[in-house]
Amino acid sequence: MAECINDSDAESRISYGDYVVLKRGDVFKSVQIENKKKVIFEKQWFFLDKAVGQLYGTMFEIEAGGSLKLKAAKRTGDSMDSKEAGQDNRHIVDDGRSQKLTRDDIETLKEQGLKGQEIVQQLIDNSTTFKDKTEFAQEKYIKKKKKKYESDITILKPSTRLLAMMYHGREPGKICHLRYDTLAQILTLGNIHAGSKIIVFETCAGLVLGSVMERMGGYGSVIQMYPGGGPTRAGMESFGFPSHFHETLHEFPLCKVNALLAGTLDLSEKDADSQANGSGNGRTESSQETSGVSEEKSAEPQSMEVSVDPQEEMRRAERERLREQRAQEKKVKMEEKRKKLASAAALLEGRNADGLVIASRFHPCPVLMSLLKFVAPSRPFVVYCQYREPLIECYTKLREQGGAISLRLTDSWLRHYQVLPNRTHPVLLMSGGGGYLLSGTTVALDTAKARNQHKSEEPVAKRLKLDEISSSCDSSA
C-alpha cells in the first residue's frame, strides 16, 4: 500500500522532461520543463527549475532574475477584502483624476522591489473613489489591477480541457476553430473508451488525436490517417503521455487507402527503392574506388617522391565512416516505417474498427465514404467541420448510398454565465460558433442484393383518369 501511495505521489509532482500547462488568469501555455530553459509567458521571462519536485496545481510568484517562489497562502484578514463600500456608483465621475499615483510613481515602486500585491494595495489607498464604489465594483477593480500587476503563475497537469482552451484562445486556426465543448461532444458521440479500435483523421495539430488517446487510457488501438508526408502530432505530444500510450498508436497514409481497399497495397515498394538506391550507391562507390585505384596506379610513377598526408587520410576515412553510418541509419528508419505501415494495414484490413472520428480542414465527403468501409456494423462515427455545407453534402450522400442510420447534423452553442451572489447573469461576450457535427451509426449493407432489387423494380403503371377509360370503352364499342 505504501508503494502505491509513493507512486501516485511521484506522478503528481513536477519533474524534468514533463509537459506542463502554465496558467495566468484566463491565459494558458504549454511548455516542457528543461534544465535552465528560459520561458516567456505574458511578456515575462522566468525559469521553471525551482518548480521541479512541487505538486501540480501549485501557484508560484515570479521574482527578480526570473526565479520562481512559492506563493504564500492568502490571509483571511487581508485588508483588500474588508473595505468600506458605497450604496451605488451614481456619484462617481470617471474624469481620470481619482488616482493620485502616476505612471512614474508606479515604476518607482517596482524599482524599489514592491511586489504586485503591495502595488495593488498602494493603488487602492491612493484612489479617491474606491470607498464610494459598491462592493461589486470594488471586487472588479481589484481583480483588474491584480491581473495587470501581480506576476503569479499556476503550473497544471495537461488535460484535454486545458489544451483545448489553450489552442482555442491562442491559435484557433490551427485546430480548425474547434471549441472545447464541441471536442467533448466528439468524444461522447464517437463512444471513445478503453479497449476499442478507433480510426482518427484530423488536421487539428494532434489535439483530437491526443484527446482520443487520453480517453482510451493506453488500452486499445488508435489508427491515425494522415495526409502528406507525415502525421502532425504537436498537440498530442503536449499531453506528455507515457511510453505505453505510444505503443497503441499506429499511422497510415491517406493516399494508400484506395490501394488497401482494392487489395493492391505493396509494402515492399519503399524497400525496393531503398535497395535500388543502396545498390546504386554501392556501384557508384565501387566505381569511384576502381577509378581511384587506376588513378593511383597511373600516378604512381610520377608521385614516388610525394609523401601522403596522414591527416588527409584520416579525414577521408572519417567521411567514409559517417557516410556509411548515415546510410545504415536511413535503412533502419525505412525498415521501421515499413513495419509501422504493415501493422496499421493489418489492423485496417479486418474492417472491424469500433469508431471513426474526422476533424479536418479538407472536404469530409470523400474521406468519410472511404474510411467508413473500415468500420464494423453498429459502430458510431462523427465528423466535425467548421462549416455546415460540406456536412450537408455528406448527409445527403449517406442517405442515398445507405449503410448508416441515426444521422444527425447538430450545431454547438455555448455561453458562459457569471455565477456570483446577487449578480448571476450571462456573460456579455460569447463565442459566435463552435462548428458543426455529423454523427451516425453504421449498419451492414448487402450491396449485391440492393443492386438486384433496384434492377428488378419496374415503374408503377400510370393511373388512368375516368375520362380516358370511358373514351377507350366507346372506341372499342
Does the pair Arg326 and Glu329 meet the rule for a salt bridge (charged side-chain N to carboxylate O under 4.0 Å, His left out), with working shown? CA-CA 5 Å; Arg326 283 194 294 268; Glu329 291 177 355; over 6 Å; no

State whether the side chain of Thr58 and the backbone N or O of Gln54 hold a donor-acceptor pair below 3.5 Å, judged by distance alone. no

Applying side-chain contact (heavy atoms from CB on, under 4.5 Å) to Lys38 and Phe46, what does each step give before you reach the verdict? CA-CA 6 Å; Lys38 188 176 182 179; Phe46 49 89; over 6 Å; no

Check whether any side-chain heavy atom of His246 lies under 4.5 Å from a side-chain heavy atom of Phe241, and answer yes or no. yes

Can a salt bridge be assigned to the pair Arg103 and Glu107 using a cut-off of 4.0 Å between side-chain N and carboxylate O? yes

Neighbour count above 12 (heavy atom, 6.0 Å) for Tyr16 OH: yes

Hey, is the main chain of Asp354 close enough, under 3.5 Å, to the side chain of Ser196 for a donor-acceptor pair? no

Gln99 and Ser127 have their tightest heavy-atom pair at NE2-CB, 3.9 Å

Lys174 atom NZ, over 12 foreign heavy atoms within 6.0 Å: no

Check: Leu209 main-chain N/O paired with Gln224 side-chain donor or acceptor under 3.5 Å: no

Between Ser370 and Val257, the two heavy atoms sitting closest are CB-CG1, 4.2 Å

Would you call Phe374 and Leu260 a side-chain contact if the rule is heavy atoms closer than 4.5 Å? yes

Using the ring-ring contact (aromatic ring centres under 6.0 Å, His included) rule, take Tyr19 and Phe239 through it: C-alpha gap first, then chi angles, then the decisive distance, then the call. CA-CA 7 Å; Tyr19 282 91; Phe239 281 85; 10.0 Å; no

Pairwise side-chain contact, Leu437 with Gln185, heavy-atom cut-off 4.5 Å (strictly under): yes

Tell me whether Gln32 contacts the main-chain N or O of Gly17 through its side chain, where contact means a donor paired with an acceptor under 3.5 Å. yes

Taking the side chain as C-beta and beyond, is there a heavy-atom pair between Tyr226 and Thr232 under 4.5 Å? no

Do Ser238 and Pro158 touch side chain to side chain, with heavy atoms closer than 4.5 Å? no

Identify the heavy atoms of Ser211 and Leu183 that sit nearest to each other, and give their distance. OG-CD2, 3.4 Å

Check: Arg179/Ser431 side-chain N/O donor and acceptor closer than 3.5 Å: yes

Just by modelled atom types, is the Ala376 backbone N or O under 3.5 Å from a matching donor or acceptor in the Thr442 side chain? yes

Salt-bridge present (Glu139, Arg423; N to O < 4.0 Å): yes

More than 12 heavy atoms of other residues, nucleotides or ligands under 6.0 Å from NZ of Lys23: yes or no? no

Are Tyr436 and Tyr384 an aromatic pair by the rule of ring centers under 6.0 Å? no

Point-to-point distance, once rounded to the nearest 0.5 Å, from CG of Asp104 to CG of Leu109: 11.0 Å

For a quick test of reading the model, state the closest non-hydrogen atom pair linking Met165 to Tyr180 and the distance between them. CG-CD2, 3.6 Å

Kindly determine whether Ser360 and Phe201 satisfy side-chain contact (heavy atoms from CB on, under 4.5 Å), including the steps that lead there. CA-CA 7 Å; Ser360 73; Phe201 174 67; 3.4 Å; yes

Would you say Asp18's side chain and Ser15's backbone share a donor-acceptor pair under 3.5 angstrom? yes

Spacing of Ser151 atom OG and Lys146 atom NZ [to the nearest 0.5 Å]: 13.0 Å

Should we say atom CZ of Arg351 is surrounded by more than 12 heavy atoms from elsewhere, each under 6.0 Å from it? yes

Under 4.0 Å between a side-chain nitrogen and a carboxylate oxygen: does that hold for Lys397 and Glu400? no

Using only heavy-atom distances, determine whether the side chains of Thr108 and Asp105 contain a donor-acceptor pair under 3.5 Å. no

To the nearest 0.5 Å, what is the distance between CD on Glu349 and CG on Leu261? 10.0 Å

Met225 versus Leu348: any side-chain heavy-atom pair under 4.5 Å? yes

Test log, rule side-chain contact (heavy atoms from CB on, under 4.5 Å), inputs Arg379 and Thr441: CA-CA 5 Å; Arg379 298 295 190 273; Thr441 305; 6.0 Å; no

Are there more than 12 heavy atoms of other residues, nucleotides or ligands under 6.0 Å from atom CZ of Arg399? no

Looking at CG of Leu438 and CG of Leu368, how far apart are the two atoms once the value is rounded to the nearest 0.5 Å? 7.0 Å

Side chains of Glu214 and Thr160: do they bring a donor and an acceptor to under 3.5 Å? yes

Output yes when Glu336 and Lys339 qualify as a salt bridge under the 4.0 Å nitrogen-oxygen rule, no when they do not. no

Minimum side-chain heavy-atom gap Cys204-Tyr167 below 4.5 Å: no

Classify the side-chain pair Asp132/Thr129 by whether it contains a donor and acceptor separated by less than 3.5 Å. no

Over 12 foreign heavy atoms within 6.0 Å of CG, Asp26: no

In this structure, CZ of Arg319 is separated from CE of Met314 (nearest 0.5 Å) by 12.0 Å

Can you establish whether the number of heavy atoms outside Lys333 located under 6.0 Å from its atom NZ is more than 12? no

I want to check something: taking the side chain as every heavy atom from C-beta on, are Val20 and Leu22 in contact at a cut-off of under 4.5 Å? yes

Closest approach of Ser30 to Met166 (non-hydrogen atoms, all atoms of both residues): N-SD, 3.2 Å

Taking atom NZ of Lys197 and atom CG of Leu356, what is their separation to the nearest 0.5 Å? 13.5 Å

Show your working on side-chain contact (heavy atoms from CB on, under 4.5 Å) between Lys29 and Val31 and close with a plain yes or no. CA-CA 7 Å; Lys29 184 176 182 179; Val31 297; 4.0 Å; yes

Check Leu407 against Gly440 and note the closest heavy-atom contact, atom names and distance. CD2-CA, 4.2 Å

Within the side chain of Thr182, is there an N or O that forms a donor-acceptor pair under 3.5 Å with the backbone of Gly434? yes

Taking atom CZ of Phe136 as the centre, report whether more than 12 heavy atoms of other residues, nucleotides or ligands fall under 6.0 Å from it. yes

Side-chain donor-acceptor contact under 3.5 Å, Arg24 with Gln44: yes

So, are Glu318 and Arg315 salt-bridged, with charged N and O less than 4.0 Å apart? no

Would Arg233 and Glu251 pass as an ion pair if we require N to O under 4.0 Å? yes

